[in-house]
Amino acid sequence: MNHYKSFVVALASLCFVLAENVRAENPPLPVIPTNTFNVTKYSGVGDGKTLNTAAIQKTIDAASAAGGGIVLIPEGKFLTGPFTLASSINLHLDKGATVSISDDMKNHPVTNNRYQDCITASDAHDVEISGEGTI
């Protein structure tokens, strides 16, 4: 038992020394253009019933093609399946905006025997999710 206690004390001391040598740094904020792409301009409907996966993805794709920008989810209830964010995109949810994930699994693609996560970003940089809305 004494060997175990000595090991725990040594491990705790090592963790303290390592933690002491790590400086907390604030990561840089994402750099995102200010062009705004409203999901309702790409057929998004915030009625809580309409599936908006294609509209949200079209909006993200349009913003990405323009070099990035703010993908705006305005006030309303937007039902969606999985979508993929891109570089230089801020998914911004206005106050009163809700993005609800569909629980109908036919709306969720399967890859490698696993359902796709709802919000993904692959090989992307400068990505932000902001606003007073709810996911």
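Along the sequence shown, residues carry numbers from 1.
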side-chain contact (heavy atoms from CB on, under 4.5 Å) test vs Phe83 passes for just one of Asn52, Val71, Leu91, namely Leu91
The reported gap from CG in Leu93 to CD in Glu75 (rounded to nearest 0.5 angstrom) is 12.0 Å
Side chains of Ile70 and Asn35: closer than 4.5 Å at any heavy-atom pair? no
Cluster link Tyr42 to Ile73, ILVMFWY, side chain under 4.5 Å:
no
Between Pro33 and Ser88 the two heavy atoms that sit nearest each other are CD-O, 3.9 Å
Margin query: Show, in sequence, the C-alpha distance, side-chain angles and deciding distance for Asp47 and Thr50, and conclude whether the side chain to side chain donor-acceptor pair (under 3.5 Å) test is met.
Written below: CA-CA 6 Å; Asp47 62 4; Thr50 304; 2.9 Å; yes
Item to complete: Assess whether side chain to side chain donor-acceptor pair (under 3.5 Å) is satisfied between Ser87 and Asp126, documenting all intermediate values.
Response: CA-CA 6 Å; Ser87 294; Asp126 295 300; over 6 Å; no
Less than 4.5 Å apart, side chain to side chain, heavy atoms only: is that true for Ile32 and Glu128?
yes
All heavy atoms of Ala55 vs all of Ser43, minimum pair found to be CB-C, 3.7 Å
d(Ile101 CD1, Leu79 CG) to nearest 0.5 Å is 8.5 Å
In this structure, CZ of Phe37 is separated from CD1 of Ile89 (nearest 0.5 Å) by 7.5 Å
CG of Leu72 to OG1 of Thr40, rounded to nearest 0.5 Å, is 7.5 Å
From the list Ile119, Thr80, Thr98, side-chain contact (heavy atoms from CB on, under 4.5 Å) with Ile135 holds only for Ile119
For Glu132, the side-chain contact (heavy atoms from CB on, under 4.5 Å) test, sequence neighbours excluded, returns Lys95
(message) Does any part of the side chain of Lys58, heavy atoms only, come nearer than 4.5 Å to the side chain of Asp61, both counted from C-beta?
(response) no
Between Asp104 and Ser102, is any side-chain donor less than 3.5 angstrom from a side-chain acceptor? no
When every non-hydrogen atom of Ala97 is compared with those of Pro74, the smallest separation belongs to CB-O, 3.1 Å
Could you check whether any side-chain N or O of Ser64 sits under 3.5 Å from a backbone N or O of Ile60, counting only pairs where one atom can act as donor and the other as acceptor?
no
**Study point:** From CA spacing to verdict: side chain to side chain contact (heavy atoms under 4.5 Å, CB included), Val39, Phe78
**Key:** CA-CA 10 Å; Val39 73; Phe78 293 84; 3.9 Å; yes
Interatomic distance, OG@Ser130 vs CG@Asn90, rounded to 0.5 Å, equals 3.5 Å
